[in-house]
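Lettering follows sequence order; numbering is per chain, from 1.
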Amino acid sequence: MRVLKYKEAISEATVQAMEADESIFVTGHAVDYPSGIFGSTSAAAEKFPDRVFDCPSMENAFAGIAVGAAAMGQRPMFVYPRADFMFLSFDNLLNLACKWRYMYGGNAGHVPIVLRAVVGKGWGQGATHSQSPHAPLAHFPGLTVAMPAAPADAKGLLLSALTSNHPVILFEHRSLFDHEGEVDEAMEPIPFGKARIVREGHDVTIVATSLMVSEAVTAAEELAGRGISVEIIDPRTIRPLDEAAILNSVKKTGRLIVADTSWELCGFSSEVAGLVAEKAFKHLKAPVRRIALADCPAPVSMPLEEAFYPKASTLANAVLELTGQNTENMSHIDEVSLFKGPY
Amino acid sequence: MRVLKYKEAISEATVQAMEADESIFVTGHAVDYPSGIFGSTSAAAEKFPDRVFDCPSMENAFAGIAVGAAAMGQRPMFVYPRADFMFLSFDNLLNLACKWRYMYGGNAGHVPIVLRAVVGKGWGQGATHSQSPHAPLAHFPGLTVAMPAAPADAKGLLLSALTSNHPVILFEHRSLFDHEGEVDEAMEPIPFGKARIVREGHDVTIVATSLMVSEAVTAAEELAGRGISVEIIDPRTIRPLDEAAILNSVKKTGRLIVADTSWELCGFSSEVAGLVAEKAFKHLKAPVRRIALADCPAPVSMPLEEAFYPKASTLANAVLELTGQNTENMSHIDEVSLFKGPY
Amino acid sequence: MPPKTQPIDPLASENHETLLRLHEELLRVRHAELALAERYKQQEMRTPTHFGVGQEAVAVGVCAALEKTDVAYSHHRSHNHFLAKGGSVYRLAAELFGRETGCSRGRGGSVHLTDLSCGFVASSAILGEAMSAATGSALAFRLGNEKRIATAFFGDAVAEEGAFYECLSYAALKKLPVLYVCENNGYATESPLSIRQPAGADISGRVASFGVRTIKAEGNDVLAVLTAAREAVAYLRTEGTPVFLECATYRWLEHVGPFYDHELGRTYRTEQEVAGWQDKCPVIKSRAAILEAGAADEATLDKMQTDIQAVIQADIEKAYGDPWPDPQQLFDNIY
Amino acid sequence: MPPKTQPIDPLASENHETLLRLHEELLRVRHAELALAERYKQQEMRTPTHFGVGQEAVAVGVCAALEKTDVAYSHHRSHNHFLAKGGSVYRLAAELFGRETGCSRGRGGSVHLTDLSCGFVASSAILGEAMSAATGSALAFRLGNEKRIATAFFGDAVAEEGAFYECLSYAALKKLPVLYVCENNGYATESPLSIRQPAGADISGRVASFGVRTIKAEGNDVLAVLTAAREAVAYLRTEGTPVFLECATYRWLEHVGPFYDHELGRTYRTEQEVAGWQDKCPVIKSRAAILEAGAADEATLDKMQTDIQAVIQADIEKAYGDPWPDPQQLFDNIY
Ligand SMILES: Cc1ncc(C[n+]2csc(CCOP(=O)(O)OP(=O)(O)O)c2C)c(N)n1
Ligand SMILES: Cc1ncc(C[n+]2csc(CCOP(=O)(O)OP(=O)(O)O)c2C)c(N)n1
Ligand SMILES: [Mg+2]
Ligand SMILES: [Mg+2]
């Protein structure tokens with residue numbers, strides 16, 4: 001199969017979906033620039049100049065505008081160059097979009113809006129350009145919250161979003177945009193609520209989201225050399241959550257680590273830990289372990305950033321601890337970011 | 001000690017704090033009406049007509065205005081007659097207020113803003129007038145999120161908020177406003193991050209928030225008659241969370257139920273379940289159990305509302321299950337709401 | 001810009017039918033609200049309700065200028081708009097009773113109404129949302145090359161919310177066929193306009209600064225509203241760019257609930273002020289115009305009213321007898 | 001309304017000192033930014049940075065009219081304002097290098113600057129926040145009966161955000177002593193104003209519709225900005241109600257980062273357009289005014305520049321040599 005970059009996979013899904021459905025339009029600040037949201041919208045902008053257009057800075061109203069357009073049969077896709085700007089849209093997302101179908105008893109139709117939000121990390125992007133509010137949003141019934149971690153998922157989940165009947169938010173990690181992977185040329189939507197077993201194993205389960213999936217893979221490779229077999233589950237969507245995939249894995253391994261790209265408190269790592277404590281308790285052989293951002297706003301300075309983000313070595317050591325072994329300095333397995341500023 | 005209603009306790013704390021500190025001002029829509037936010041601000045409005053004033057409907061900017069006022073030494077208290085309106089303030093709360101001290105390296109001073117949000121329930125208040133977004137907000141470092149469940153806590157936590165150095169959000173459940181309890185006349189702030197052991201017991205721990213505390217008490221009383229001893233922990237603040245109090249209780253009882261006033265997914269019930277699975281795992285004798293809102297938007301119609309909200313009988317039956325006994329219809333212990341509309 | 005629409009001359013006989021049709025609608029909306037408010041007092045409608053008594057002429061006048069295929073959105077005080085756009089009293093009443101036959105199947109309550117069959121898309125309880133959604137529907141019409149108009153009804157307080165200006169700016173920028181209808185009743189709950197918005201800065205003036213066309217109409221005069229709305233609609237269909245219609249009017253009952261403020265001892269406005277506006281009652285005004293024009297006589301109008309009241313009562317009773325939703329269906333329609 | 005402030009006559013000898021002081025500030029801001037941009041290319045400043053080269057006259061002119069006790073807020077493009085309000089190049093450079101000695105101790109980066117000692121309260125990266133916070137500080141001054149002024153600097157794109165209007169409305173309603181300074185540079189990243197805001201509807205016009213006093217000034221002429229700012233400040237100190245100062249200016253470098261757009265092949269604006277604005281360079285303009293007035297000679301001004309550049313280089317080097325924050329202190333100052 002062909003290898004594509006994550007951003008190319010998003011781009012391809014967008015173009016294919018727009019070819020198939022002329023009610024799709026794409027907007028948000030900078031979507032029609034030559035740089036097209038880090039290369040993910042430029043092809044669509046070139047191909048469909050009338051249906052890919054810039055948007056003023058008006059995140060609050062636009063989320064409601066998207067709802068109103070969707071109610072009339074259009075399929076808006078709105079892109080946030082940074083997920084942090086989405087807080088301004090929370091009212092229309094949480095009080096209108098995600099409740100629309102339910103609150104009108106199914107009688108006001110569907111509002112299939114798609115929101116793509118890019119999650120920043122590193123290079124001093126700082127406290128207001130690096131957040132991933134997937135857990136706060138997933139808390140609310142009526143939304144679908146997806147976190148594609150690989151190019152194939154970026155394509156497949158976006159295709160599902162663009163053909164689904166309800167509001168979908170995708171968190172796309174900026175650090176993944178140049179990651180490569182095999183991607184089907186055909187339009188194959190990936191259903192929501194279906195986890196991906198990234199790697200099979202029998203000693204420890206790591207449930208990881210977004211960028212933490214590749215960190216988990218690095219850790220698992222290192223640990224495989226030491227005879228520890230790690231299973232990695234990527235839930236792909238936070239809501240709906242594929243509980244069965246997680247529970248089945250834990251039933252097999254008896255040990256769980258959850259690695260997330262946001263904070264711990266009331267976050268996704270707690271969700272999975274709680275789920276397993278409720279529904280796979282008798283299979284657990286050891287305490288669950290949550291791995292998340294340090295519990296402070298994202299700092300800018302390099303050594304603080306280093307300390308702030310968990311990485312492959314953090315995960316590998318957590319596995320060692322959980323399997324009763326000594327931890328050690330494993331920073332050699334951590335990727336050195338090649339990302340260069342300014343943005 | 002004197003008995004006060006919850007709303008009177010809030011009112012008293014406000015007046016006392018304003019007497020002690022003339023930099024406090026109170027605003028938000030309707031705070032200076034004779035009805036004064038269900039009686040909680042009217043006394044302050046009468047006593048301090050210049051420092052309790054109405055606010056236009058501008059929830060977005062006002063959160064930032066509060067920050068800017070606080071940075072200059074004022075202590076704004078902003079009241080949301082319904083917590084649901086707070087989504088419009090999320091940007092300034094999450095990108096500015098809660099990061100202020102950290103993001104400027106401590107060099108830009110403190111922004112001690114206090115936000116009171118009333119959580120609606122029942123009488124068909126419906127999907128957009130009944131939410132409690134405490135978990136989504138608690139996810140973010142830098143905020144304090146408090147949920148007073150009793151009159152004494154309503155007073156003590158508000159006093160802490162009005163004398164603290166950082167942003168504090170209090171979720172006050174509308175159904176609690178007429179609850180009565182002993183309240184100290186003196187100004188005794190209750191520290192954040194300190195749980196209240198509502199009732200001691202040794203069979204099962206119920207960690208309950210806000211209105212669920214009194215539901216838990218009702219359930220515990222019923223169960224006591226059947227020889228089951230329930231310990232009830234009210235964390236009082238979601239962030240910071242008194243982990244020790246929860247873990248100590250579970251170490252004693254070995255069984256945990258978490259009862260919250262919002263949804264389960266990425267909510268507070270998952271947080272506590274995850275916490276215990278991580279840090280008190282070896283003491284757990286049974287799966288933890290999360291009790292939360294039904295996973296849909298709040299419906300209006302009475303029989304649907306009935307099915308939507310967990311109550312004392314839900315908790316009592318969960319305890320029976322967890323202790324290996326048969327569940328039964330216990331609706332007789334559930335309070336019949338005396339609340340009359342329109343609001 | 002198309003020429004100003006001529007005021008409707010009530011005396012011209014070709015307008016008599018219009019006068020009567022408008023009056024009938026006014027009566028239907030007025031008496032539905034009065035009957036629902038009366039019934040509301042029995043505590044069987046468990047849903048916070050903002051009655052629109054006194055403000056009917058805006059909804060009726062505007063909706064009379066719209067086609068069925070045009071769509072409308074509204075805010076918390078939405079019954080008038082729901083009914084005037086063609087929604088049924090029966091399904092509204094059923095919604096307030098929380099019945100499965102309610103327009104939103106008892107899920108939404110008074111502030112969340114819908115009836116797509118007549119183009120009433122949705123009302124919503126959060127200030128600003130109706131306006132954003134209507135703007136979005138107008139964007140859909142523009143993108144889909146449809147000749148329809150989207151309308152939003154809302155109150156004066158929305159002009160304090162940022163979403164208001166974001167919508168105006170966007171609709172003007174993108175030239176969207178959206179009709180914004182502001183029912184300026186001078187209050188937000190108990191707060192008069194003067195303590196909420198800058199002195200002397202009127203809402204339409206602010207709107208006009210975006211290059212949006214504004215029209216003011218006497219909100220209690222259904223003919224004046226219809227005239228203004230026709231002008232707006234003609235402009236929207238030819239120019240396709242937004243119009244803002246501001247109508248001064250007045251709410252008779254308390255902000256939320258079925259009582260008069262004085263019945264509950266509220267003093268934020270005087271009984272005289274309310275009485276003054278009751279003298280300018282849109283129904284009385286319409287009736288007087290009809291009588292003066294000789295379009296119908298007193299007896300005909302009286303009968304019209306009693307007939308309508310009877311139908312409304314029957315609708316409400318029917319709704320009351322309808323079944324509750326089945327709790328088994330609590331999870332229907334989440335997606 | 002106080003009488004219009006007289007333009008500063010550069011030829012009058014009592015103004016020569018002012019001219020020179022302004023020029024010195026312009027040079028300090030300009031060469032700090034140029035030096036930082038140059039250094040930025042070495043990839044040692046790991047923080048997305050929006051340079052203000054070309055727009056200095058606004059910051060310098062406005063801050064020259066303010067007292068030290070007045071406070072200022074800014075948006076993402078904040079270096080100019082930080083420096084002009086009295087912030088040090090050294091602490092700014094240290095912040096960009098992520099050093100413990102940075103004005104925000106390396107926690108905030110380029111878009112989160114502070115220096116309370118000179119009244120620069122905070123810059124913030126999210127559009128609208130600076131304006132809200134400044135409005136809040138003005139509210140604090142009103143409540144505390146303080147005679148201070150709060151200032152917010154921001155760009156033209158903020159006029160698309162709802163918060164902009166919520167602030168204007170509130171400041172006008174409450175009569176707050178807040179000075180809003182809009183640097184209208186015609187672009188938001190690569191989007192020209194014309195595709196973002198309604199045609200013909202200028203920002204000041206919209207602002208004026210709230211009853212807020214507006215003043216326009218030629219943003220590349222530091223004397224014009226100072227004149228306008230003095231007028232604004234006089235009005236604010238006497239009337240105490242908000243003023244909106246709109247300054248047309250132009251950004252030379254790319255939106256974020258140290259390069260010229262053409263160096264990176266971007267075509268959203270032409271090299272001629274940039275060159276045209278470079279001809280209107282505020283520093284050249286100021287220098288010409290000084291020479292024409294005979295307030296100083298070429299040599300003095302050249303020396304002024306080299307002296308300033310030397311100090312700046314020393315500041316940057318000193319900052320570079322400073323220590324990193326200690327990761328042990330990651331959790332400092334959360335509350
Ligand atoms: C965002 C938001 N803030 C506050 C409220 C509470 N609220 C409900 S109705 C209302 C007043 C609305 O006044 P107006 O828009 O003039 O409409 P009217 O009730 O006068 O018809 C307010 C403040 C709300 N529903 N939404
Ligand atoms: C709420 C929000 N939306 C979007 C952005 C992304 N953004 C950063 S700068 C910018 C353009 C700002 O333009 P303008 O206000 O004119 O300032 P300039 O950069 O021209 O100085 C945008 C859209 C943001 N920071 N905040
Ligand atoms: Mg009103
Ligand atoms: Mg600009």
Asker: Assess B:K121 against B:Y309: is NZ or CZ under 6.0 Å from the centre of the six-membered ring, and within 45 degrees of the ring's axis?
Answerer: yes
Asker: With a distance cut-off below 6.0 Å to the six-membered ring centre and an angular limit of 45° from the axis, does B:R51 pair with B:F48 as a cation-pi contact?
Answerer: yes
Asker: Checking B:A61 against chain C: side chain, backbone, both or neither under 4.5 Å from a heavy atom?
Answerer: neither
Asker: What part of C:I334 gets within 4.5 angstrom of chain B, counting heavy atoms only: side chain, backbone, both, or neither?
Answerer: side chain
Asker: Just how far is it from atom OG of C:S191 to atom CG of C:L193, taken to the nearest 0.5 Å?
Answerer: 10.0 Å
Asker: Could you have a look at B:A294, B:S57, B:S35 and say which one has the most heavy-atom pairs with chain C under 4.5 angstrom?
Answerer: B:S57
Asker: Select, from B:G126, B:A30, B:C296, B:P299, the one with the greatest count of heavy-atom pairs under 4.5 Å involving chain C.
Answerer: B:C296
Asker: So which of B:C55, B:S301, B:A127 has the biggest tally of heavy-atom pairs under 4.5 Å with chain C?
Answerer: B:S301
Asker: Check whether any side-chain heavy atom of C:H75 sits under 4.5 Å from a side-chain heavy atom of C:R77, and report yes or no.
Answerer: yes
Asker: Taking the cut-offs as 6.0 angstrom to the six-membered ring centre and 45 degrees off its axis, would you call C:R266 and C:F259 a cation-pi pair?
Answerer: no
Asker: Is there a donor in the side chain of C:Y250 and an acceptor in the side chain of C:Q55, or the other way round, less than 3.5 Å apart?
Answerer: no
Asker: Is chain B contacted by the side chain of C:D326, its backbone, both, or neither, given a heavy-atom distance below 4.5 Å?
Answerer: backbone
Asker: Within residues 155-172 of chain C, which residues come under 4.5 Å of chain B, heavy atom to heavy atom?
Answerer: C:A157, C:E160, C:E161
Asker: Is B:E305 in contact with chain C via its backbone, its side chain, both, or neither, using a 4.5 Å heavy-atom distance?
Answerer: side chain
Asker: Any chance the side chains of C:E56 and C:H79 put a donor and an acceptor closer than 3.5 Å?
Answerer: no
Asker: Which one of C:I126, C:L96, C:L330 has the most heavy-atom pairs closer than 4.5 Å to chain B?
Answerer: C:L330
Asker: List the residues meeting side-chain hydrogen bond (donor to acceptor under 3.5 Å, both in side chains) with B:Q74, not counting sequence neighbours, and say none if there are none.
Answerer: none
Asker: Side chain, backbone, both or neither: which part of B:N60 has a non-hydrogen atom closer than 4.5 Å to chain C?
Answerer: neither
Asker: Kindly indicate whether a cation-pi arrangement holds for B:R174 with B:F38, taking the cut-offs as under 6.0 Å to the six-membered ring centre and within 45° of the axis.
Answerer: yes
Asker: Check for me whether C:R30 meets the cation-pi criterion with C:W252, that is, NZ or CZ under 6.0 Å from the six-membered ring centre and within 45 degrees of the ring axis.
Answerer: yes
